[in-house]
Protein chains: 2
Amino acid sequence: MTIIHPPQPRTALWVHAHPRRGSLNDRLFRAGTEALSQEYEVATSDLYAQGFDPVLGERDFGEPAGRPGNIAALAGQALAAGRAAPDVREEQAKLAAAELLVLQFPLWWYGPPAILKGWFDRVLTEGFAYGDLDPELGVPRRYGDGGLVGRRALVVVTAGEDDRSIGSRGISGDIDSLLFPLTHGVLWYVGIDVLDLHVVHDADGLGAEGADRETGRLLDRLKGIDAQTPQRFRRLSDGDYQGTRALREDLLPGRTDLGIHLADGA
Amino acid sequence: MTIIHPPQPRTALWVHAHPRRGSLNDRLFRAGTEALSQEYEVATSDLYAQGFDPVLGERDFGEPAGRPGNIAALAGQALAAGRAAPDVREEQAKLAAAELLVLQFPLWWYGPPAILKGWFDRVLTEGFAYGDLDPELGVPRRYGDGGLVGRRALVVVTAGEDDRSIGSRGISGDIDSLLFPLTHGVLWYVGIDVLDLHVVHDADGLGAEGADRETGRLLDRLKGIDAQTPQRFRRLSDGDYQGTRALREDLLPGRTDLGIHLADGA
């Protein structure tokens, strides 16, 4: 008799960074985590509710305060010595267990709120999220490889502006470029595949009907998430950067925009 | 008899966001503020030393926690009602008094540390840094105009990577694009003219001689600061965006990179 094992529950971590209950973000968070729970075992990091402290500082270094040293290396050494802060270890455990990561936040000053920025600063420690050497290239595994390889991430961002202001020629810069430091510099750096952004425009003026519509649109997005193809940033290990640091001259010659780091140069 | 008044002392605010005494950043901060003091009356915001809390939250809103509302508007209303948090008012007073702003920080995850990101989130309140309507255009004064117009800013950033990795075709994205959300999205948004970035590369491996060299290079930069021409982002009020939100189709047609927002399209 063949025993067909049920599939293991899939795992997700939903990180939420908005201060107010009753906000549009709060609603998207509740509806989104509930819907995702039908397919995934969903852990959450509700950073404001947790009172997460985003300031990378002395408690993360494990060395006497007077001693100079590279901040990232000090935090990595503290982690290796079992002296990382408890809240950091807890977030790392949730992240390590998740195959899908959702980051949800309002766009403040064209980036994530400080509480989420500091979640990256503190949780993505050297030795946990990155730092291993590629045995062939002899360089650190990063950009498509790294401590969190094999995971996928969805970024859900609400913006007060419309799709003209943060569109491809919008005065505020296009949202993909504005969030490149997050999608490429954080997520892809540590090996996480990044799905297309989920952007909610005009978030401050949606009204009840608009909020219903956007909630539905997020749930539709989540429903199809397993079938979605990630953005394809170039991998460091593929040779496009000559295994080192700058894009080969024969690839998209002359271009210097951030789009050159997409594998199709879009 | 003609009385020749001495020039008023010029005023600067130097915001510093590094946790460690004895670090390269600490050294640049001390040497830089001392040198600048020969020409300017220099106030400082040493965010780690002050224990600045970067988390925009309930104490900034002045409304019962359950009440929904636009976060930026709530903070603006609290400010207008004289109920802004004391630390925010103090930072705003220093900023309002400064004609030159220096922002100095290490590049963490391709952006400012959370403690500095949250200084923007909390201090640059609606009604202080932006929010007035342009009487002619009927749109908010921003991008080259706004609450802090007439000031200049120098961004001093230390990076662990070299000028190949964060250069124009570097795998990490070029530093001007990575910091566009700061230079354009924060500073230019509120009316502040932005000088060319001052980037210290390979900051973790400089050694004593390299640290001397970089300290000297920063002092040279400061010495000539009054003669330096700011980057020229396009102004919202100039009509390049048709007074609204997206770049006119006849300007740099087809391009969608962040460089289109420089007045010379570089």
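Fair warning: this is a prediction, and the values are worked out from it, not measured in the lab. The sequence lines fix the lettering, A, B, ..., with proteins before strands; numbering per chain opens at 1.
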Between the side chain of [X] and the main-chain N/O of [Y], is any donor-acceptor distance below 3.5 Å?
X: B:Asp257; Y: A:Leu258; answer: no
X: A:Lys117; Y: B:Lys117; answer: no
X: B:Trp108; Y: A:Asp121; answer: no
X: B:Trp109; Y: A:Phe120; answer: yes

Query raised in the report: Looking at B:Gly167, B:Gly205, B:Gly173, which has the largest count of heavy-atom pairs under 4.5 Å with chain A?
Result: B:Gly173
Report summary line: Counting heavy-atom pairs under 4.5 Å with chain A, the top scorer among B:Ala203, B:Gly118, B:Ser168, B:Gly160 is B:Ser168
Requested in this report: Answer with yes or no after comparing the ring centroid distance for B:Trp188 and A:Tyr110 against a 6.0 Å cut-off, counting only values under it.
Outcome: no
Please look at [X] and chain A and tell me whether the side chain, the backbone, both or neither of the residue comes under 4.5 angstrom of a heavy atom of that chain.
X: B:Glu161; result: side chain
X: B:Pro112; result: backbone
X: B:Leu24; result: neither
X: B:Tyr189; result: side chain
X: B:Arg248; result: backbone
X: B:Asp162; result: side chain

Non-hydrogen atoms of [X] and [Y] that approach each other most closely:
X: A:Pro54; Y: B:Pro54; answer: CG-CG, 4.1 Å
X: A:Arg245; Y: B:Ser165; answer: CD-OG, 3.0 Å
X: A:Thr256; Y: B:Asp174; answer: O-OD1, 3.9 Å
X: A:Ser172; Y: B:Tyr143; answer: OG-OH, 2.7 Å
X: B:His261; Y: A:Arg169; answer: CE1-O, 4.0 Å

Query - Non-hydrogen side-chain atoms of A:Pro106 and B:Ile71 separated by less than 4.5 Å - result: no
Query raised in the report: Under 4.5 Å between any side-chain heavy atoms of A:Val55 and B:Phe52, yes or no?
Result: no
Report summary line: So CD of B:Glu58 and OH of A:Tyr48: to nearest 0.5 Å the spacing works out to 9.0 Å
Report summary line: Given A:Ala72, A:Ala73, A:Pro113, the one with more heavy-atom pairs under 4.5 angstrom with chain B than any other is A:Pro113
Report task. Could you tell me which portion of A:Phe61 (side chain, backbone, both or neither) has an atom closer than 4.5 angstrom to a non-hydrogen atom of chain B? Result -> side chain
Query - Name of the residue among A:Ile260, A:Leu236, A:Asp240, A:Leu247 meeting side chain to side chain contact (heavy atoms under 4.5 Å, CB included) with B:Ile171 - result: A:Leu236
